[in-house]
Amino acid sequence: MKLTAQEISDLLNGQVEGDPGVEVSRVAKIEDGEPGAVSFLANPQYTPFVYTSNASVIIVEKGFVPEQQVKATLIKVESPYSAFAQLLETYNKTKSKRKGVSSQAYVASSASIGENVYMGPFVYIGENVVVGDNTRIYPGSVVDDNCRIGNDCLICSNVTIYTDCRIGNGVTLHAGVVVGSDGFGFAPQQDDNYLKVAQIGNVVIEDQVEIGANTTIDRATMGSTIIRKGVKLDNLIQIAHNAEIDENTVIAALTGVSGSTKVGKNCMIGGQVGLVGHIQIADDVRIGAQAGVSSSIRKKGFTALGSPAIEYNTYKKAYVHFKNLNQMANRMKELEKKLKNLEELHGNQ
Amino acid sequence: MKLTAQEISDLLNGQVEGDPGVEVSRVAKIEDGEPGAVSFLANPQYTPFVYTSNASVIIVEKGFVPEQQVKATLIKVESPYSAFAQLLETYNKTKSKRKGVSSQAYVASSASIGENVYMGPFVYIGENVVVGDNTRIYPGSVVDDNCRIGNDCLICSNVTIYTDCRIGNGVTLHAGVVVGSDGFGFAPQQDDNYLKVAQIGNVVIEDQVEIGANTTIDRATMGSTIIRKGVKLDNLIQIAHNAEIDENTVIAALTGVSGSTKVGKNCMIGGQVGLVGHIQIADDVRIGAQAGVSSSIRKKGFTALGSPAIEYNTYKKAYVHFKNLNQMANRMKELEKKLKNLEELHGNQ
Amino acid sequence: MKLTAQEISDLLNGQVEGDPGVEVSRVAKIEDGEPGAVSFLANPQYTPFVYTSNASVIIVEKGFVPEQQVKATLIKVESPYSAFAQLLETYNKTKSKRKGVSSQAYVASSASIGENVYMGPFVYIGENVVVGDNTRIYPGSVVDDNCRIGNDCLICSNVTIYTDCRIGNGVTLHAGVVVGSDGFGFAPQQDDNYLKVAQIGNVVIEDQVEIGANTTIDRATMGSTIIRKGVKLDNLIQIAHNAEIDENTVIAALTGVSGSTKVGKNCMIGGQVGLVGHIQIADDVRIGAQAGVSSSIRKKGFTALGSPAIEYNTYKKAYVHFKNLNQMANRMKELEKKLKNLEELHGNQ
């Protein structure tokens with residue numbers, strides 16, 4: 001990839017400030033930028049690097065006005081982060097994609113495989129599986145009987161998809177992801193044993209979902225555990241049976257969503273959050289890291305924090321007082337002493 | 001599977017109320033129930049669906065008395081959830097099980113393999129491994145040297161069992177489970193380095209244990225990390241070296257049990273709970289989600305919450321006051337002001 | 001292995017107290033010790049077992065003075081735990097290591113493989129991969145294109161290393177580890193969708209690092225996610241894109257380090273800790289289990305606890321008052337009542 005500032009600007013629908021003919025051949029972080037590299041400024045914390053960076057081109061926000069001299073050619077765009085994402089994607093697409101089914105893969109004869117598919121060595125494709133066009137399945141992954149995988153999916157290595165699951169188009173599953181494992185359902189018996197409740201449902205993952213490494217999504221007891229269109233899940237997340245995550249919701253690492261809980265659209269859920277079972281979370285809700293949500297959140301756009309989770313700012317304020325509880329306790333002792341003195345004075349009057 | 005209400009009732013030792021001849025061929029959630037389906041009512045929250053469901057048969061609790069007309073035939077049983085689990089199991093058993101050892105598996109010549117075993121492609125069975133009858137090992141799983149696996153086990157895909165581990169009968173390991181990885185043992189050295197402590201013990205998993213996807217169980221430094229009979233572990237749980245989980249204890253996802261900690265029988269431990277090392281938890285203890293247990297719990301049946309964990313209701317009550325700490329702080333200021341006024345009045349007297 | 005007490009003492013640079021000729025052939029926990037076994041006493045909690053243990057040899061601290069008669073031969077050393085680690089390592093090295101490349105592995109013809117290497121069945125080695133001498137890669141692991149792996153590494157089963165990553169010498173990756181998965185980077189779009197930000201960086205793991213089972217380390221957006229020399233990571237940890245963990249830092253299970261966060265040298269981080277993105281943690285910092293660190297810790301050796309994390313003892317003290325908040329609230333009510341009485345008295349005066 002070799003592009004001029006002008007070519008990049010045209011691609012990103014931006015405006016050039018500086019030399020439009022300067023050429024770049026790679027991307028770099030703004031703090032590491034060297035001649036021949038294109039960088040971007042999205043986080044205001046990094047603004048000082050604009051003046052010190054040796055990058056040839058820097059993508060900045062439309063309204064950015066330099067306060068000192070800048071060596072680089074600037075390209076002004078609506079959203080530098082999105083523009084950069086777009087540029088990286090262009091760069092990434094120049095890499096040729098893998099194709100072909102390895103002779104060391106196992107593909108059941110009843111499976112139906114689309115065009116331009118890649119299946120690496122030690123891939124297992126079970127009976128009646130359908131795999132769409134341009135989908136790539138990396139070494140060591142297992143797609144068990146009756147699964148349907150859409151077009152343009154990327155299934156990284158050592159992924160396991162149990163029987164009967166449905167995966168849409170443009171879905172990415174990172175290494176070690178497990179889709180369709182049994183939900184955690186056991187009926188207590190009188191002798192303290194548990195009777196396993198067979199989990200006969202499946203998992204449905206809609207289009208454009210991305211799921212991080214070693215995340216697990218259990219199949220439904222009956223019906224489906226559903227991950228809706230555009231959802232992004234980070235690594236090491238647990239989604240329990242019959243849960244449903246609605247469109248474009250984003251969840252950070254190590255979070256657990258318990259059974260039958262429904263999370264709305266466009267929510268942002270931090271890392272290590274826990275949601276109990278059988279609750280509903282409204283659209284646009286934001287839940288801070290490590291919160292424990294123990295009841296439904298029905299108010300759209302609500303922000304929550306704490307365990308059990310309460311309104312974000314209420315938690316923050318209460319926590320300030322929590323930190324000072326030792327002083328508060330001392331003030332209370334002082335009050336009690338003084339009041340006792342006053343009472344004695346009165347008793348003496 | 002096609003069964004009449006009467007046949008189901010006989011199977012479950014129940015009583016039919018309605019048409020005993022109505023036939024069902026599948027199971028469904030009560031809220032989705034359609035003609036030809038059998039559903040169940042276990043959670044009272046779902047009672048309204050009994051009156052609106054189109055399911056042909058609904059399994060209910062013995063004492064259930066409808067408050068409106070019900071279309072479905074009811075089957076009354078002691079425990080609807082257990083009865084349904086039993087029904088699903090019957091349904092599940094009608095599916096034929098996989099058999100045979102794939103020519104694409106690797107089985108060491110010194111391994112001893114029982115009857116009716118399934119080993120999928122890309123399964124690795126090391127030296128001196130013993131696998132019992134009817135055990136199924138799915139594609140991509142690794143059972144390393146000297147392991148012993150009992151009868152009737154299900155080892156799903158991409159599981160890793162390190163050398164020398166012991167697995168009982170009827171054990172299920174879900175995809176991505178790791179059994180027998182090295183415990184986290186490092187001896188600090190004077191130069192800030194750590195010296196690895198070789199972990200020469202193993203893991204013992206007793207009968208009827210089920211372990212969820214991507215859960216990890218470390219081998220003991222010496223001796224055994226032990227998961228006793230009937231224990232059920234959810235997904236993404238960490239069990240450290242030399243820990244011991246006693247019979248029929250149930251642990252939810254993303255919980256960590258640290259080294260040498262012993263958990264009693266019949267405990268229920270929520271999700272994202274942490275237990276420090278070298279402590280004991282008594283039988284029948286319940287630990288709420290996200291609790292951090294930092295010392296032994298010696299009282300049978302104790303319930304704990306919070307981080308560090310304290311008695312459940314004490315935590316709940318304290319948390320109510322925590323939420324109101326801002327007001328409490330204001331009240332304290334008010335008290336201090338008023339008291340000062342009174343004191344000045346006295347000073348003036 | 002059959003060694004006399006004297007031979008062990010020589011190996012560990014210790015002093016024998018008792019019969020130097022007694023022979024041992026195995027290691028055992030002090031509480032389980034039987035004749036013919038060598039045990040150690042590191043944790044003072046276990047001191048009573050010195051007097052009851054049937055172990056033939058017990059390794060103790062130099063200054064240990066028995067208060068009762070001891071059956072075993074004692075070996076006195078500087079640090080019993082380190083000495084024992086050293087002994088176990090000696091024992092472990094007597095086991096012969098696996099060698100050879102399985103005919104059921106896939107090794108790209110452009111890969112360069114060192115001497116004395118082991119590659120088990122179903123191992124995948126991509127294009128241009130370089131693997132150093134004496135490195136062992138266990139069944140089912142995937143090392144994708146352009147990775148470089150050093151000498152003397154142990155890569156356990158079902159590990160996935162994505163393209164372009166760098167692994168130093170003497171590194172251990174436990175089963176299910178994922179190195180180089182995409183960082184969680186998505187640029188929000190106006191229609192509530194997210195645009196994937198291509199992650200074109202890599203992961204660099206330096207020498208003598210050990211990484212626990214099912215831990216995930218994401219590749220950098222640009223540049224490298226870096227795990228420095230001697231770092232020890234437990235199981236099920238998430239290290240996000242562009243994070244950096246400095247030398248000899250130790251992190252317990254289920255902890256998450258968010259994007260671009262830098263952790264200093266020699267830190268000790270407990271289990272289930274969360275660190276937000278874009279912060280710095282100084283050297284020698286200790287963070288208690290389940291803490292949530294939401295801003296940089298710049299003070300060397302600082303100890304932190306709580307969510308959000310504050311100074312360790314401040315948290316501990318505040319938590320004592322938190323537990324008593326119910327009583328504090330009652331005392332406040334009492335104060336208000338009494339004060340009101342006094343005020344009324346004054347009003348009446």
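In the text below, chain A, chain B and the rest are named by the order of the sequence lines, each starting its count at 1.
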Based on non-hydrogen pairs under 4.5 Å, which of [options] is most in contact with chain A?
| options | value |
| --- | --- |
| Asp144(C), Thr221(C), Val320(C) | Asp144(C) |
| Gly201(C), Ser294(C), Gly306(C), Gly274(C) | Gly274(C) |
| Phe322(C), Tyr194(C), Tyr319(C), Tyr315(C) | Tyr194(C) |
| Leu342(C), Thr314(C), Leu195(C) | Leu342(C) |
| Asn242(C), Thr216(C), Leu339(C) | Thr216(C) |

(message) side-chain contact (heavy atoms from CB on, under 4.5 Å), that's the test. Do His321(C) and Asn330(A) meet it? Break it down for me.
(response) CA-CA 11 Å; His321(C) 295 297; Asn330(A) 288 338; over 6 Å; no
(request) Go through the steps to decide whether Gln272(C) and Leu254(A) satisfy the test side-chain contact (heavy atoms from CB on, under 4.5 Å), and finish with yes or no. (result) CA-CA 9 Å; Gln272(C) 294 176 324; Leu254(A) 290 159; over 6 Å; no
(message) Evaluate Lys333(A) against Arg331(C) for side-chain contact (heavy atoms from CB on, under 4.5 Å), listing each step before the verdict.
(response) CA-CA 10 Å; Lys333(A) 268 192 219 154; Arg331(C) 281 161 63 194; 4.0 Å; yes
With a 4.5 angstrom heavy-atom cut-off, is it the side chain or the backbone of [X] that approaches chain A, or both, or neither?
| X | result |
| --- | --- |
| Pro121(C) | neither |
| Thr255(C) | backbone |
| Val273(C) | backbone |
| Ile200(C) | side chain |
| Val159(C) | backbone |
| Val123(C) | backbone |
| Gln104(C) | backbone |
| Ala175(C) | neither |
| Leu325(C) | side chain |

(message) Taking Ala291(C)'s backbone N and O only, do any of them form a donor-acceptor pair with Gln290(A)'s side chain (distance below 3.5 Å, no angle check)?
(response) yes
(request) Give a yes or no answer on whether the side chain of Asn214(A) reaches the backbone of Gly176(C) with a donor-acceptor pair at less than 3.5 Å. (result) yes
(message) With a 4.0 Å cut-off on N to O distance, would you call Glu89(A) and Lys196(C) a salt bridge?
(response) no
(message) Does atom NZ (Lys317(C)) have a neighbourhood of more than 12 heavy atoms from anything else shown, all under 6.0 Å?
(response) no
(message) Consider side chain to side chain contact (heavy atoms under 4.5 Å, CB included). Of Tyr106(C), Phe122(C), Tyr124(C), which one does Pro139(A) pass it with?
(response) Tyr124(C)
(message) Quick check: closest heavy atoms across Phe184(C) and Ile251(A), and the distance to 0.1 Å?
(response) CZ-O, 3.4 Å
(request) Identify the two heavy atoms, one from Tyr81(A) and one from Ala187(C), that lie closest to each other, and give their separation to 0.1 Å. (result) CD2-CB, 3.6 Å
(message) Whether the Thr160(C) and Asn158(A) side chains hold a donor-acceptor pair (N or O, under 3.5 Å, no angle test) is what I'd like checked.
(response) yes
(request) With sequence neighbours left out, write down each residue that passes salt bridge (charged side-chain N to carboxylate O under 4.0 Å, His left out) with Asp234(C), or none if nothing qualifies. (result) none
(request) Name all residues meeting the salt bridge (charged side-chain N to carboxylate O under 4.0 Å, His left out) criterion together with Glu311(C); count only those two or more places apart in sequence or in a different chain, and write none if there are none. (result) none
